[in-house]
Each structure stands twice: as structure tokens, then as C-alpha cells.
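Everything on this sheet refers to the single structure shown next.
Note on naming: letters A, B, ... go to the chains in the order of the sequence lines (proteins, then strands), and numbering restarts at 1 for each one.
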Protein chains: 2
Amino acid sequence: MSDVAALAGVHKATASRALNPSTSGLVNAATARRVRTAAEQLGFTPNSAARSLRTNRSFTVGVLLPDLTNPLFPPVARGIEEVLNARGYTALLANTDNDEAKERTQFEALRGRQVDGFIIATAQRVHPLLDEAYESGVPIVLVNRCTDKRLFPWVAGDDATGMALAVEHLLGLGHRSIAHVAGPQSMSTGVTRVRAFRHAVETAGIAPERAPVVVSESYTAPAGERATHELLEKHPDTTAICAGNDLIALGALHALKARGLRCPQDISLVGFNDMQFADEFQPPLTTVRVPHLDLGAEAARLLLERLDRYEEKGHPAPMSKTVFLPVRLVVRASTAAPPPHGA
Amino acid sequence: MSDVAALAGVHKATASRALNPSTSGLVNAATARRVRTAAEQLGFTPNSAARSLRTNRSFTVGVLLPDLTNPLFPPVARGIEEVLNARGYTALLANTDNDEAKERTQFEALRGRQVDGFIIATAQRVHPLLDEAYESGVPIVLVNRCTDKRLFPWVAGDDATGMALAVEHLLGLGHRSIAHVAGPQSMSTGVTRVRAFRHAVETAGIAPERAPVVVSESYTAPAGERATHELLEKHPDTTAICAGNDLIALGALHALKARGLRCPQDISLVGFNDMQFADEFQPPLTTVRVPHLDLGAEAARLLLERLDRYEEKGHPAPMSKTVFLPVRLVVRASTAAPPPHGA
DNA sequence: CTGAAAGCGCTAACAA
DNA sequence: TTGTTAGCGCTTTCAG
């Protein structure tokens with residue numbers, strides 16, 4: 001930078017001002033142009049470490065995800081990345097594998113790198129790390145899942161509506177024995193969807209015992225498969241299943257095949273999320289589409305908003321805005337009218 | 001850090017030495033312990049920006065990927081992340097969407113953040129950006145694809161063997177009219193697999209005109225579908241297809257369905273990569289398994305090796321080590337003997 | 001509008 | 001073994 005300043009014939013402070021968009025107004029337009037030209041000639045790239053050291057801002061955001069290898073998360077990561085990059089920020093992704101210790105390690109590592117804030121997709125309903133983080137005042141936005149204590153802004157798909165859509169679709173097809181293979185109840189998505197399921201069947205006048213709920217121990221195909229077997233042991237007259245998410249639905253598909261049941265002829269199945277390749281399953285999955293990219297983008301926007309206020313006015317009282325993004329049902333081939341004898 | 005030093009009753013330089021694993025040997029064990037205790041009490045986290053500024057190392061590596069949303073790349077990203085994290089490094093992922101301008105922007109942004117090196121999965125056979133990068137001397141390791149000029153260390157699956165395995169499998173099933181729907185020839189993987197395909201069929205004594213190659217314009221399902229239609233127009237007697245990768249294979253599956261052809265009864269299909277959910281396609285895909293996680297891990301190891309040498313001896317002559325990881329054929333339901341009339 | 005000067009938090013020579 | 005000192009490259013008062 002000194003070189004740039006020298007070449008432009010100004011002091012390095014002036015060069016700094018000229019090069020920084022937010023302060024370039026303070027400098028003579030002609031001078032500024034001269035500096036920019038010089039910078040270009042010398043191929044100058046500002047040293048972000050020095051800037052961070054001085055300004056105490058890294059223009060970096062930590063993103064905590066369960067697992068990048070789970071097809072749900074790449075789109076949210078991309079959504080985050082896109083809006084962050086546009087504002088000169090960089091996302092630092094970290095996988096926690098739903099492991100509390102690993103999450104803590106990653107969180108600390110990210111803090112050590114002076115991230116300006118976090119976007120967190122790993123919230124559990126009860127989450128000590130997040131409680132502590134709240135006390136410390138780091139800017140945080142939750143995406144997809146949230147904690148029971150509403151401490152942070154939160155962006156999610158409209159799960160309640162989505163589940164209602166799924167149930168109505170099955171109802172419309174003539175199903176009267178609809179079950180829910182739910183996700184883990186330690187996560188907000190798990191309980192929200194159960195609640196919405198119960199409400200929807202109740203509204204339709206279906207007796208609770210005709211609308212059983214079994215819980216899958218994780219949002220994975222193997223766990224979904226086990227839970228589905230359990231369901232069908234106890235409730236063999238089920239004609240339709242709402243899965244907690246698409247991976248659970250995939251497991252359910254495996255369970256049905258294992259039991260010699262055809263989908264959708266014997267049992268209809270609805271997933272949740274519309275993850276990549278849900279349309280390639282056998283049969284292609286009817287599911288609730290959640291706009292994952294937008295989820296990420298919106299979460300990033302919320303964080304930036306918070307960061308901007310942070311910068312201006314010190315530590316303002318954090319407000320816990322909640323944003324629900326609209327979802328819609330995508331009907332494919334895994335749902336049909338119930339078999340005549342099953343209704 | 002001054003606070004930590006004060007609490008431990010030492011100078012901050014001593015505290016620095018005590019806290020840094022590589023220099024803690026220079027300090028009295030008892031003193032070191034005292035310092036560490038003090039640091040813990042105060043919840044001290046070193047400021048990485050200051051360290052970077054001083055040491056000119058960020059312990060950060062830039063990773064250029066085409067698209068995180070493509071199921072091939074999350075596993076390589078995780079492999080990279082795992083070995084990098086274990087050594088105190090952080091990966092900065094950037095998506096280029098196979099767009100040269102975007103790639104350049106991301107590359108510069110990453111350089112601006114003082115990354116210590118790059119792992120690049122976006123290499124084209126002719127790649128001006130990489131030529132320039134080579135001149136500049138930044139440590140770089142290529143993963144999966146490589147440039148024609150062998151400037152950098154490179155980690156990839158053993159494509160030639162993989163393709164040979166695929167062809168042998170089809171040959172063993174009795175196929176004698178095998179086609180290859182190849183990936184883009186602007187990428188090393190595209191040409192390597194074509195070359196291996198030609199060699200394998202030739203070795204088996206199949207006439208070149210019985211083993212046509214059509215090129216898909218990208219590694220995507222829609223492009224693969226178009227290319228497959230083109231193939232089947234020109235060569236309707238084809239009984240088996242080797243796809244350039246699983247996404248192309250997926251497109252081929254769509255094309256077959258559109259033409260009323262059954263897989264594997266009418267046409268057998270082999271993919272490449274064994275990406276996530278390839279086993280859920282309809283039919284489950286026979287494919288060549290490439291160890292993507294290991295690819296990433298090995299690339300990270302190579303880069304760290306280079307970085308270590310870099311630190312010790314300044315800029316050593318970069319050596320372009322090439323590592324091929326073993327692959328194997330995973331036989332599923334998309335391959336079978338050719339139909340009687342088609343052989 | 002521009003220059004001078006200080007300092008962000010850390011590490012690496014050098015001295016003791 | 002520890003303390004002293006200087007300085008990494010930038011931004012930001014404060015003067016001019």
C-alpha cells in the first residue's frame with residue numbers, strides 16, 4: 001500500500017481512504033482515481049489480516065451445519081454464500097455431524113478466526129452452547145431449526161402449512177388411516193411437524209388412534225426404515241405415511257419394499273423438503289418443497305442486517321425476528337388412492 | 001494476551017511462547033503451565049488476524065469447487081476439511097459454477113484473504129488462470145481434474161482402470177455394441193475416460209464402429225439425456241452404455257425411458273463415481289466407485305506437505321506428484337445380458 | 001481535502 | 001529461560 005501511495009504521490013493514509021469505498025468520498029475525485037490506477041498497476045490486494053486487526057471485523061461469517069454430505073444443506077450453504085459474497089463477506093462452513101463436542105470445537109475455532117457472526121443450522125431445542133453464545137452477545141441467526149428459548153432471529157420453511165398440505169392431499173385421495181414417521185423430537189422441526197400433523201388430522205375429524213405417530217431417531221434413511229417397520233408392526237392398517245423428511249421417506253420406501261408392500265398401490269408416502277433426487281426415487285416422491293436456497297439467503301440477509309446495526313450503534317438489544325418461507329406440495333408418484341380394502 | 005501475561009506474572013512474549021505449541025518448548029514447564037491456566041481463566045482466544053499479520057500465514061486454504069450442490073463435491077470437501085482441521089487449518093470453499101469469470105473473482109477474493117494455498121477441483125485442460133497462478137508461485141493442489149500442462153500436484157481416481165472395469169463387466173455380460181456417452185472434452189476426466197474406453201474395447205477386439213463415442217456438453221443429467229438421444233439416433237443397435245459420470249447416466253436413464261427402452265433389459269448402463277443416491281435410481285445404477293472423501297483428504301495432505309516445505313525452505317521447486325486412488329466397480333441393477341436379438 | 005502519527009494483538013530477533 | 005523491542009499493513013483520529 002505504501003508503494004501504491006508513493007506511485008500516486010500521496011500519503012498511504014490517503015491511499016487507504018481512496019481505496020476504501022466507504023471513505024473514498026472524503027478524498028478528491030482526481031486523487032482517488034490516481035490512487036486506484038496506481039493500485040491496479042501494482043496489482044495491489046489489501047491485506048485483510050491487517051484490516052481485521054485494525055477494524056476488529058473480519059468480514060467473515062461462521063456457518064455451522066450438521067453435514068454437508070446431507071443433500072439438504074448444500075443449497076442453504078449456497079444461498080448463504082451468495083448473499084454474503086455480494087456484500088464482501090465470506091462464509092466459513094463447518095460440519096458438526098450432530099455431535100455436541102464437535103460443534104463446540106468448531107464454534108470455538110471459528111470464534112478464534114474472528115468471525116463477525118454465525119449462521120447456525122444445528123440448533124437443538126435445548127442447546128447449552130447457544131445459551132452461552134447468547135450471553136456472549138455474538139450475532140447469530142438460526143436457520144431451519146430453532147431452540148425452545150427464542151433467543152435468536154430464525155429463518156425456516158413454513159412447516160405447519162407444509163404438513164397441513166401433505167395431510168390434505170392424502171385426505172383428498174381418500175386416506176383415513178394416515179401415520180406420521182416423525183423426525184427426532186429433540187429438534188424443533190421434529191415437534192413442529194408432529195404438532196401440525198396432529199392438528200391436521202384432528203381438523204379432518206380423524207380419530208387420534210387412526211393417525212399414529214412414531215419417532216425416527218434421526219433424519220436418516222436407516223432410522224426412517226426402522227421407525228417405519230415399527231409403525232407397520234403396530235398399525236398394519238395404515239394406508240398413508242407422512243415422513244418427517246425425505247431421508248426418512250427414503251427409509252420408509254426401503255421398509256415397504258422389505259415388507260412386500262407397494263408404494264403407492266398399498267401405501268402412499270409423502271416426504272418433506274423436496275431434496276435433490278427425491279424425484280428419482282422409486283417411485284418419485286411426493287413431497288413438500290422447502291426453498292432451501294432462499295432459507296440460506298434470507299438467513300444471511302438477517303445476519304447482515306444485524307451486523308450493520310451492530311456496527312452503527314454498538315450492541316443493540318438483539319431482536320428475534322422469525323421468518324417463515326412459503327412451501328408447496330409437489331405431487332409425484334408416491335401417493336395414490338388407498339387400496340379398496342384398506343380404507 | 002497482555003492480561004494473560006499479567007495474571008501469570010510474565011511478559012506477554014513469554015505468554016505467547018507458552019501458548020504456541022511450536023515454541024512452548026522454549027519456556028519453563030512450570031511457567032508454561034501457569035500461563036495456560038491464566039489463559040483458561042480469562043477465556044483467552046488468540047487473535048488470528050494479528051497472528052496472520054505478523055507471521056504472514058493465515059492457516060487458511062482456499063478450495064475452488066464447481067458447485068457444492070453437485071453431489072460429487074460435498075464428500076471431497078469433507079475429506080479436505082477433515083485433514084485440514086486436524087492440522088489447525090480452515091478450508092474456505094468457493095463455488096465457481098464452471099464459470100471462468102466467477103472463478104477468477106473467487107480466486108482473487110481468496111487471495112485477498114491471504115489463504116496459504118489452494119485446492120482446486122475446477123481445472124480445465126487449458127486454464128489461463130492456473131497458468132498465471134503457477135507463475136505467481138502460490139501452493140496449489142489439483143483434485144479430480146487436471147490441466148494439460150502438468151504444473152501442479154494432482155489427486156484423482158484411477159479413471160483408466162475404472163473405465164476398463166466397466167467395459168470388461170459389459171463384455172462379460174455378452175455385450176458387443178457398447179457406446180460411451182462421454183463428459184466434456186475440455187476436462188481431463190472427459191478425455192481420460194474416452195481414451196480408456198477406446199483402449200478397452202479395442203483390446204477386446206471390438207471394431208471402433210461398434211463402439212461409438214458421443215460427447216455430452218456438460219456433466220449434467222439434461223446434457224447426458226440429449227447426448228444419449230443423439231447416440232441412439234445414430235446407433236440404434238447399441239446394447240450397452242458407459243456414461244461419463246453418474247449424472248450423465250441419470251440423463252441416459254431419462255432418455256431411455258423417453259424412448260420406451262427398458263434398462264437393463266434393452267440397454268445396460270454403467271455410471272461413473274458412485275455418487276450419493278446412485279443406488280436409489282430406477283434402476284439402481286451399476287457404477288465405478290471413486291473414493292471422493294479420500295480424494296479430498298489426500299489432496300489436503302499433499303497441500304500441507306507442500307506448505308510445510310514452503311515454510312522451511314522458502315520456495316522450493318514445486319514437484320508435480322500425481323496420486324491415483326483405486327476405484328472399483330459396484331454392480332447393481334442397471335446392467336444385464338444384452339437382449340437376444342441385439343447381440 | 002490530505003498528512004502525520006498512533007496503534008490494533010501478536011511474534012521473532014536480540015539481549016540479558 | 002525470560003524480557004525488551006520492533007514491526008507486520010492497515011485505518012483512524014487529529015492537525016493542518
From A:Thr189, A:Asn70, A:Asn98, residue fulfilling side chain to side chain donor-acceptor pair (under 3.5 Å) relative to A:Tyr219: A:Thr189
Qualifying residues under side chain to side chain contact (heavy atoms under 4.5 Å, CB included), relative to A:Thr23, sequence neighbours excluded: A:Arg17, A:Asn20, A:Leu26
Interatomic distance, A:Leu26 CG vs C:dG3 P [rounded to whole Å]: 14 Å
A:Asp148 atom CG: more than 12 heavy-atom contacts under 6.0 Å: yes
Sugar-phosphate, base or nothing in reach of B:Ser52, heavy atoms under 4.0 Å: nothing
Residue pairs passing the side-chain hydrogen bond (donor to acceptor under 3.5 Å, both in side chains) test where at least one lies in residues 33-50 of chain A, sequence neighbours excluded: none
Any residue meeting ring-ring contact (aromatic ring centres under 6.0 Å, His included) with B:Phe118, in chain and number order, not counting sequence neighbours: B:Phe107
Side chain to side chain donor-acceptor pair (under 3.5 Å) involving A:Ser2 - partner list, sequence neighbours excluded: none
Identified side chain to side chain donor-acceptor pair (under 3.5 Å) partner of A:Glu103 from the options A:Thr122, A:Thr96, A:Asn95: A:Thr122
Start and end of chain A contact along DNA chain D [non-hydrogen atoms, under 4.0 Å]: D:dG9 to D:dT13
B:Val155 vs B:Arg301 side-chain heavy atoms within contact, under 4.5 Å: no
Contact pattern, 5' to 3', of nucleotides 6-13 of chain C - B, S or - by protein heavy atom under 4.0 Å: BBBBBBBB
